[in-house]
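In the text below, chain A, chain B and the rest are named by the order of the sequence lines, each starting its count at 1. Just so it is clear, the model here is predicted, and its values are computed rather than measured.
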Amino acid sequence: MYRTTTCGELRTEHQGKSVTLCGWVDSNRDFGGVQFINLRDRYGITQVVFSTKIGTDQFELARSLRSEDVVQVEGIVELRPDGIVNKKIPTGEIEIKADNLTVLNRSEVPPFQTGVPEVPAEELRLKHRYLDLRRPAMQKTMILRHRIMKVMRDYFDENQFVEIETPVLGKSTPEGARDYLVPSRIAQGSFYALPQSPQLYKQILMIAGYDRYVQIARCFRDEDLRADRQPEFTQLDVEMSFIEMEDILDIISGLVKRLMKDVLGRDLELPIPRLSYDEAMERFGHDAPDLRYGMELVDLTEIVKDCDFRVFSEPAQNGGRVRGINAKGAAEKYSRKDIDVLNQYVVENFGVKGVAWLKVDADGSPAGPIAKNFKPEELAAISQKMGAEPGDFLLFSADTFATTCRVLNGLRRRLASELKLVDPNEMNYCWILHFPMFDWDEDEKRHVAMHHPFTAPLGEHVPLLDTDPGKIRAQAYDLVLNGFEVGGGTIRIHDSKVQSKVFDLLGLSLDTAKEMFGFLLDALQFGAPPHGGIALGLDRLVMLFGGLDNIRDCIAFPKTTKASDLMTGAPGEVAEKQLEELGIVVRADKI
RNA sequence: GGGGACGUAGCUCAAUUGGUUAGAGUACUGGACUGUCGAUCCAGUGGUUGCGGGUUCGAGUCCCGUCGUCCUCGCCA
């Protein structure tokens, strides 16, 4: 037996106990006649004391220990002498008086130290991920991730859900993200696609009668990466039959409450607040608003419609919008230089000419370079509508509705962060409901599905399929946590007439649709129950539950922004023979 | 595909804005020390300043290219 005890569990009540510990050397403090080794494993750190009484050979061996050496220590649990307890660690009241030391394995000098506060460069961490994952902060996150998955599985099991695995090698279905493709050796020239989500399979499972399905599923999307986006990610995937939207919201609300309780030990009051998509865009300019702070968007279109300031009046008269946000009391925190930075930010990120702003003077009147363009009563109206008080900082966007949304959402988030309006401990959930059914694709001059082509419209909007599809709102819902979309789902269409109309609007002929997902269309004709579902992004949930700011820290072996794995070198070249077997010919000009 | 930041000792960073032999902390090596816990003290090793060009009397510093990491727009049903 290698060990009797981990490095995190010994306390004063174990005094006198004979134990054997294994772990990695965290530090070695050598005092000549006595040495202290901090021994680390994933459970914690325990101090081991070596005195000269152990014998010269063993003492010299202990002296030779260096960071990350793997050792086994036999010894007796002793209380530390009076007054020299280490309050920083849970085992700080005891230590192990070593009787025997075995070096199980030496470590090379590590490329970075695991036990210091400084976090090494991410490139280095990813290259030596085995060392990075040894850092207590990473171990905490991996264990948090496990806890969340465990609570999820228990919760769904208790609610009669069945976890069913769906294939990783599937069929490419266009629309949506770019697929990762896997060439078929047996059918040369044909390809499998890795799933972007188990969407179609889980609908098939509903038709097959598994009325409550769940899966913690790996999904793949070959798109560019972000701080909160990886090409390979994990979803909690759920689908239910004989249900309406409310049933999905209920079951997921219950899950979230349970996660808050069991993982974070915190209470979550239900119901989770709800906003319609239209309201979210109106009040926050985004479909995943962060509700931990105010600074809501205020519409000023009517007020400025006939003003002399053409930057405002032109969009207002031409179907656009003029809106603003009020950063309360922030006027003095933003110098002209700071505002230049904000201006540069909106120019670079949103392709607009700049940001218009006003600061509210002590007498309550808005001032700034653009103020002279307005009549006093216009300024007063703007001021009143925005609830402006002395010291407030007002920012404006005048453009199309969509652009004002993007600009003001960006500014709202940025200012909230800079002004520290966010309580980092708050966990703020909301549901966003009734997403538009279709987006208008300006390039292709056609409607595209906002979610997927099987999303059901709101019942009362079905007639609009024939008259005004752009106005249709879908039975689609997103779960938002602290301004991040952590989940989304829809109720599916199970009426074939409605389904054909939707295909029509999307410009999909029945033949094309059949070619793309004929198997689902077939299945829908053999007794499909009313059904719907949702998927939650597990990696993002872990990120938010762990108070982290990037998704790579929540994934054991993540990819870089160029989608490579710095540890293994994937993606890598393969032998010519492998390509030959797959019938893949590399073009000469690419070699 | 576009925009931006960064790249200096094993690691984390500095280098007075183009000027002497590129420094510090830490790690590492050797030494001292019997109660430390990010131990301390003494000494030492350690550099193709990512790579390739260019400008200059002179480049870590400026310019061009390239590679890598990160942030971001597009993209992500």
When the [atom1] atoms of [N] and [M] are considered, how many whole Å apart are they?
N	M	atom1	value
rG74(B)	rG3(B)	C1'	11 Å
rG35(B)	rU69(B)	C1'	44 Å
rG60(B)	rU66(B)	P	23 Å
rU55(B)	rA15(B)	C1'	23 Å
rC42(B)	rU49(B)	C1'	31 Å
rC73(B)	rG46(B)	C1'	43 Å
rG68(B)	rG50(B)	P	16 Å

From [options], nucleotide with atom closest to [X] side chain:
X	options	result
R66(A)	rU69(B), rU29(B), rU36(B)	rU29(B)
D224(A)	rA39(B), rC75(B), rG38(B)	rC75(B)
T560(A)	rC70(B), rU36(B), rC73(B)	rC70(B)
N349(A)	rC73(B), rU34(B), rC70(B)	rC73(B)
L566(A)	rU69(B), rG74(B), rC37(B)	rU69(B)
T561(A)	rU12(B), rU34(B), rC70(B)	rC70(B)
Q113(A)	rC70(B), rA27(B), rA39(B)	rA27(B)
R226(A)	rA27(B), rC73(B), rC76(B)	rC73(B)
R406(A)	rC76(B), rG74(B), rG35(B)	rG74(B)
F36(A)	rC71(B), rG35(B), rC37(B)	rG35(B)

Thinking salt bridges, do [X] and [Y] make one under a 4.0 Å N-O criterion?
X	Y	answer
K501(A)	D504(A)	no
K202(A)	D237(A)	yes
R40(A)	E68(A)	yes
R221(A)	D179(A)	no
D132(A)	R129(A)	yes

Watson-Crick or G-U wobble partner of [N], both distances under 3.5 Å:
N	result
rC41(B)	rG31(B)
rU17(B)	none
rC75(B)	none
rU66(B)	rG50(B)
rA24(B)	rU12(B)

Item checked: Distance-only side-chain donor-acceptor flag, H452(A) / R492(A), under 3.5 Å ->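 Looking only at side-chain atoms, R492(A) and H452(A) do form a donor-acceptor pair, the distance falling under 3.5 Å.
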Item checked: Of P81(A) and H452(A), the one whose closest RNA chain B nucleotide lies more 5' ->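 Per heavy-atom nearest nucleotide, the more 5' residue is P81(A).
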Checklist line | Toward the 5' end of RNA chain B, by each residue's nearest nucleotide, S67(A) or G32(A) | finding: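 It is S67(A) whose nearest nucleotide is closer to the 5' end.
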Protein-nucleotide distance ([X], atom [atom1]; [N], atom [atom2]), rounded to Å:
X	N	atom1	atom2	answer
N28(A)	rC28(B)	CG	P	9 Å
D222(A)	rC75(B)	CG	P	16 Å
E223(A)	rC73(B)	CD	C1'	14 Å
Q230(A)	rC76(B)	CD	C1'	13 Å
E123(A)	rC11(B)	CD	P	10 Å

Notebook entry, point to check: Base, sugar-phosphate, or nothing for Q35(A), non-hydrogen atoms under 4.0 angstrom?
Noted result: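 No contact.
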Notebook entry, point to check: Reckon S564(A) has a side-chain N or O less than 4.0 Å from the OP1 or OP2 of rU69(B)?
Noted result: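 Looking at the OP1 and OP2 atoms of rU69(B), one of them is under 4.0 Å from a side-chain N or O of S564(A).
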Checklist line | Side-chain N,O (K88(A)) to OP1/OP2 (rG38(B)) below 4.0 Å | finding: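 Yes.
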Item checked: hbond_proxy E95(A) side chain to rG35(B) base (donor-acceptor, 3.5 Å cutoff) ->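 When only heavy-atom distances are counted, E95(A) does reach the base of rG35(B) through a donor-acceptor pair under 3.5 Å.
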Check: For the side chain of R221(A) and the base of rC76(B), is some donor closer than 3.5 Å to an acceptor across the two?
Finding: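 No.
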Check: Planes under 30° and centres closer than 5.5 Å, is that true for F31(A) with the base of rU34(B)?
Finding: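 Not stacked by the 5.5 Å and 30° rule.
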Check: Would you call the rings of Y277(A) and F435(A) parallel, tilted or perpendicular, where under 30° means parallel and over 60° means perpendicular?
Finding: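 Ring orientation, 0 to 90° scale: tilted.
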Item checked: Mutual orientation of the aromatic rings belonging to F517(A) and F503(A) [parallel < 30°, tilted 30-60°, perpendicular > 60°] ->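 Ring orientation of F517(A) relative to F503(A): parallel.
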